[in-house]
Asker: 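Just passing along the structure, written as structure tokens.
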2 protein chains.
Amino acid sequence: MSLSGIFPIERWNFTTQSMLNVLSDEDFKYLVSHQSDQEYHKGEVIFREGTVPAGIFIVKKGKVKKYKTDRGGKEQIIYVANEGELIGYHAVLSGERYPDSAAALETSLLSFIPAEDFMEVLNRSPNFTHRLLKALSHEFTVLTNSISVFAQRTATERLAIALIVLREKFKDVNAEKKDTDLNISRADLANMAGIAQENVIRLLKEFKDEGILSTEGRKIRILDIQSLVKKSNYR
Amino acid sequence: MSLSGIFPIERWNFTTQSMLNVLSDEDFKYLVSHQSDQEYHKGEVIFREGTVPAGIFIVKKGKVKKYKTDRGGKEQIIYVANEGELIGYHAVLSGERYPDSAAALETSLLSFIPAEDFMEVLNRSPNFTHRLLKALSHEFTVLTNSISVFAQRTATERLAIALIVLREKFKDVNAEKKDTDLNISRADLANMAGIAQENVIRLLKEFKDEGILSTEGRKIRILDIQSLVKKSNYR
DNA sequence: CGCAAAAACTGATATTTATCAGCTTTTAAT
DNA sequence: ATTAAAAGCTGATAAATATCAGTTTTTGCG
């Protein structure tokens with residue numbers, strides 16, 4: 001079931017997915033001329049907060065969590081990047097170190113693109129540059145949404161929102177399957193919603209008792225998206 | 001007393017202040033050719049979340065809060081823009097509505113620049129465009145910092161951070177005055193730190209009792225920035 | 001398939017923070 | 001200077017959430 005009209009999902013997703021499409025064939029060829037593909041297993045770190053960026057990454061397959069880690073090692077997941085999305089570009093563009101880390105949420109394939117190539121294509125293609133400005137500005141919407149929710153919303157609402165956002169991420173666009181299983185650890189879910197893990201488990205049980213979702217092992221299946229949207233109390 | 005080395009203040013500030021300096025005289029003249037200045041009194045709204053943008057604003061004098069409002073009217077302050085900073089550009093660049101609102105925190109003077117002029121200068125000046133990409137990417141750092149803090153830090157830590165960030169905003173760069181008075185309502189402080197107002201007041205009292213700050217009417221003066229930084233528990 | 005380790009779960013309690021109701025002080029307008 | 005309204009403050013209590021300690025289930029590897 002689609003979220004159209006009942007939950008503004010576009011406010012929760014970055015818009016880098018179709019960005020490479022605006023490149024000419026020539027520029028695209030240049031961009032990927034020195035690329036390299038690498039497979040990452042679940043949990044493997046792609047880049048670390050605080051390190052100097054060598055380039056950007058394209059998520060070819062799989063899912064990647066972008067997260068910040070505090071002094072005590074506690075993680076806060078900022079964003080889940082899906083197939084087709086770019087990551088690592090903030091540090092390259094701002095000339096700073098990576099402000100966050102990225103790790104694979106499941107087996108993933110990523111393409112690495114050297115920073116110089118990325119910056120050169122930026123210089124060559126005003127179209128691409130404008131598209132990037134657009135995407136970065138849209139990120140302000142996504143991130144300020146998160147701030148607002150984390151600052152003011154209850155754990156229940158935050159978990160509901162996280163589940164809705166994840167349901168979209170886990171949809172397999174190539175499958176006919178109607179139901180989507182979210183395969184994500186309770187620890188990652190907690191780190192995404194900013195809630196203690198035990199509380200996540202309790203709330204999931206409540207949601208289960210209310211018929212909103214079911215679980216099978218670690219997997220979560222949303223049964224009643226409308227009720228979940230209501231639980232999120234998010235316009 | 002400067003924060004150098006004890007608190008990474010640059011992670012909390014956007015970097016649009018010197019951006020117009022990269023424009024040539026010609027481009028700058030074009031940019032401001034149709035500008036108009038307007039004074040806003042404390043509390044006056046500059047633009048509202050959800051409205052279609054007509055242009056961007058430069059804060060000429062004063063301070064402006066950027067905030068989101070939820071269904072119940074509750075505010076979350078996302079950022080405080082100081083003299084020289086640009087606001088309202090995200091919506092223009094992304095072609096979306098304003099994702100947040102902006103209102104004057106004190107009597108302020110703002111220059112309005114029509115969207116078309118801003119976009120035209122973007123087309124004319126690759127330098128400016130790259131500078132903007134840089135600034136937008138840096139925003140990711142600032143905003144993800146906020147997310148991480150709001151999701152995981154205690155009210156005490158969040159208030160301490162908010163006070164430190166505000167102290168920098170309220171510094172008068174033209175004055176010889178060593179001490180800085182923060183003139184901000186408890187409601188705004190609460191909306192900035194994401195805490196209930198009564199709790200802000202209680203924590204301020206604690207900070208006062210510990211010699212960290214003093215108050216006079218609404219005004220807050222930081223007496224011991226080092227202890228405040230320690231309270232923030234932020235590296 | 002078996003098994004050890006990791007993850008999910010449960011119950012109890014502690015801690016943190018918000019809310020409510022009222023009083024006091026400050027501000028800003030006249 | 002005065003005054004009403006707004007803002008700041010206080011005390012008590014309620015609610016939300018985290019932490020702790022342990023048990024049960026799932027996962028993934030050999």
Side-chain angles (χ1 to χ4, degrees), chain A residues 41-44 70 72-76 103-107 149-163 181-209 213-221 231 233, chain B residues 41-44 70 72-76 103-107 149-163 181-209 213-221 231 233:
Chain A
H41 294 114
K42 184 173 179 172
E44 266 189 297
D70 77 359
K74 200 170 167 188
E75 273 184 28
Q76 179 57 45
L105 268 181
E106 66 193 25
T107 303
V149 165
F150 279 120
Q152 301 190 336
R153 294 303 185 93
T154 64
T156 301
E157 288 166 336
R158 290 184 351 229
L159 182 62
I161 291 169
L163 289 169
D181 287 350
L182 316 189
N183 188 6
I184 183 165
S185 70
R186 300 301 181 264
D188 276 333
L189 202 43
N191 291 340
M192 197 172 158
I195 308 171
Q197 190 176 319
E198 291 92 335
N199 224 14
V200 164
I201 290 160
R202 287 190 179 92
L203 290 171
L204 284 179
K205 180 159 196 312
E206 276 184 33
F207 291 1
K208 270 193 277 186
D209 291 346
L213 56 87
S214 64
T215 60
E216 193 185 305
R218 184 196 296 120
K219 289 183 186 139
I220 298 166
R221 179 174 294 180
K231 273 273 182 213
N233 191 25
Chain B
H41 294 115
K42 182 173 180 171
E44 265 189 297
D70 77 358
K74 199 170 170 192
E75 273 185 25
Q76 179 58 46
L105 268 182
E106 65 192 27
T107 303
V149 164
F150 280 119
Q152 302 191 332
R153 294 305 184 92
T154 64
T156 302
E157 287 166 334
R158 288 179 1 225
L159 183 63
I161 292 170
L163 288 169
D181 287 350
L182 315 190
N183 188 8
I184 182 168
S185 70
R186 301 301 179 262
D188 277 333
L189 202 41
N191 291 340
M192 196 175 158
I195 308 172
Q197 190 176 318
E198 291 91 336
N199 222 16
V200 163
I201 291 161
R202 287 187 178 96
L203 290 171
L204 284 180
K205 181 161 196 307
E206 276 182 36
F207 290 1
K208 270 192 280 187
D209 291 345
L213 55 87
S214 65
T215 61
E216 194 184 305
R218 185 195 295 124
K219 291 187 186 135
I220 297 165
R221 178 174 294 179
K231 274 276 182 212
N233 191 24

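Note that the coordinates shown come from a computational prediction; the quantities given were computed from them, not determined experimentally. Only this structure's heavy atoms are used, side chains among them; waters, hydrogens and symmetry mates stay out. Quick note on labels: first sequence line is chain A, next is B, and so on, each numbered from 1.
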Asker: Let me know, please, whether Ala151(B) or Lys219(A) comes out on the 5' side of the other along DNA chain D by nearest nucleotide.
Answerer: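 This one resolves to Ala151(B).
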Asker: What is the separation between atom CG on Asn191(B) and atom C1' on dT17(C), rounded to the nearest whole Å?
Answerer: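 That distance rounds to 16 Å.
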Asker: I need the minimum non-hydrogen distance between Leu189(B) and Leu204(B), along with the two atoms involved.
Answerer: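 Looking at all heavy atoms of both residues, the closest pair is CD2-CD1, 4.3 Å.
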Asker: So if I apply the side-chain contact (heavy atoms from CB on, under 4.5 Å) rule between Leu163(B) and each of Ile220(B), Leu203(B), Ile184(B), which one comes out positive?
Answerer: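 Of all the options given, the one that passes is Ile220(B).
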Asker: Among dT17(D), dA18(C), dC9(C), find the nucleotide with the atom closest to the side chain of Lys208(A).
Answerer: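 Of the options given, the side chain of Lys208(A) lies nearest dC9(C).
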Asker: Please state how far atom CD in Gln197(A) lies from atom P in dT10(C), giving the value in whole angstrom units.
Answerer: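 Gln197(A) atom CD is separated from dT10(C) atom P by 13 Å.
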Asker: Report yes if a donor N or O on one partner sits less than 3.5 Å from an acceptor N or O on the other, where the partners are the side chain of Glu198(A) and the base of dC20(D); otherwise report no.
Answerer: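 Side chain to base: pair present.
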Asker: Counting side-chain heavy atoms from CB outward, which of dT10(C), dT17(D), dT17(C) is closest to Lys205(A)?
Answerer: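 Closest nucleotide among those given: dT10(C).
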Asker: Given that Lys42(B) and Arg153(B) both sit by DNA chain C, which one's nearest nucleotide is further toward the 5' end?
Answerer: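 Comparing both residues, the 5'-ward one is Arg153(B).
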Asker: Can you name the nearest heavy-atom pair linking Arg158(A) to Ala193(A), along with the distance?
Answerer: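 That would be NE-O, 3.0 Å.
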Asker: Within this structure, what is the CG-to-P distance between Leu203(A) and dT10(C), rounded to whole angstrom?
Answerer: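 Result: 13 Å.
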Asker: Locate the shortest heavy-atom distance separating Gly194(B) from Phe150(B); write the atom from each residue and the value.
Answerer: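 Here Gly194(B) and Phe150(B) meet closest at N-CE2, 3.9 Å.
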Asker: Return the value, rounded to whole Å, for the distance between atom CD of Gln152(B) and atom P of dT19(D).
Answerer: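 Those two atoms, CD and P, are 10 Å apart.
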Asker: If you assign each of Lys74(A) and Thr215(B) to its closest nucleotide in DNA chain D, which residue comes earlier from the 5' end?
Answerer: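 First, find each residue's nearest nucleotide; the 5'-ward one identifies Thr215(B).
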Asker: Looking at side-chain heavy atoms only, is the closest gap between Lys208(B) and Thr215(B) below 4.5 Å?
Answerer: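 Side chain of Lys208(B) against side chain of Thr215(B), heavy atoms only: contact under 4.5 Å found.
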Asker: OP1 or OP2 of dA8(C) versus the side-chain N and O atoms of Arg218(A): is any pair under 4.0 Å?
Answerer: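 Yes.
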Asker: What is the distance from CZ of Arg186(B) to C1' of dC9(D), rounded to the nearest Å?
Answerer: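 These atoms are roughly 10 Å apart.
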Asker: Hey, does the side chain of Asn199(A) come within less than 4.0 Å of dT17(D)'s phosphate (OP1/OP2), counting only N and O?
Answerer: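 So the side-chain polar atoms of Asn199(A) never come under 4.0 Å of the phosphate oxygens OP1 or OP2 of dT17(D).
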Asker: Does any N or O donor sit under 3.5 Å from an N or O acceptor when you compare the side chain of Arg202(B) with the base of dG8(D)?
Answerer: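 No, no donor-acceptor pair under 3.5 Å.
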Asker: Please report the distance, rounded to the nearest Å, between CD1 in Ile201(A) and C1' in dA18(D).
Answerer: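 Computing the Ile201(A):CD1 to dA18(D):C1' distance gives 13 Å.
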Asker: Measure CG/Leu204(A) against P/dA7(C) and give the value in whole Å, please.
Answerer: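 Result: 17 Å.
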Asker: Can you tell me the distance, in whole Å, between the CG atom of Asn183(B) and the P atom of dA6(D)?
Answerer: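 Rounded to the whole Å, the gap is 18 Å.
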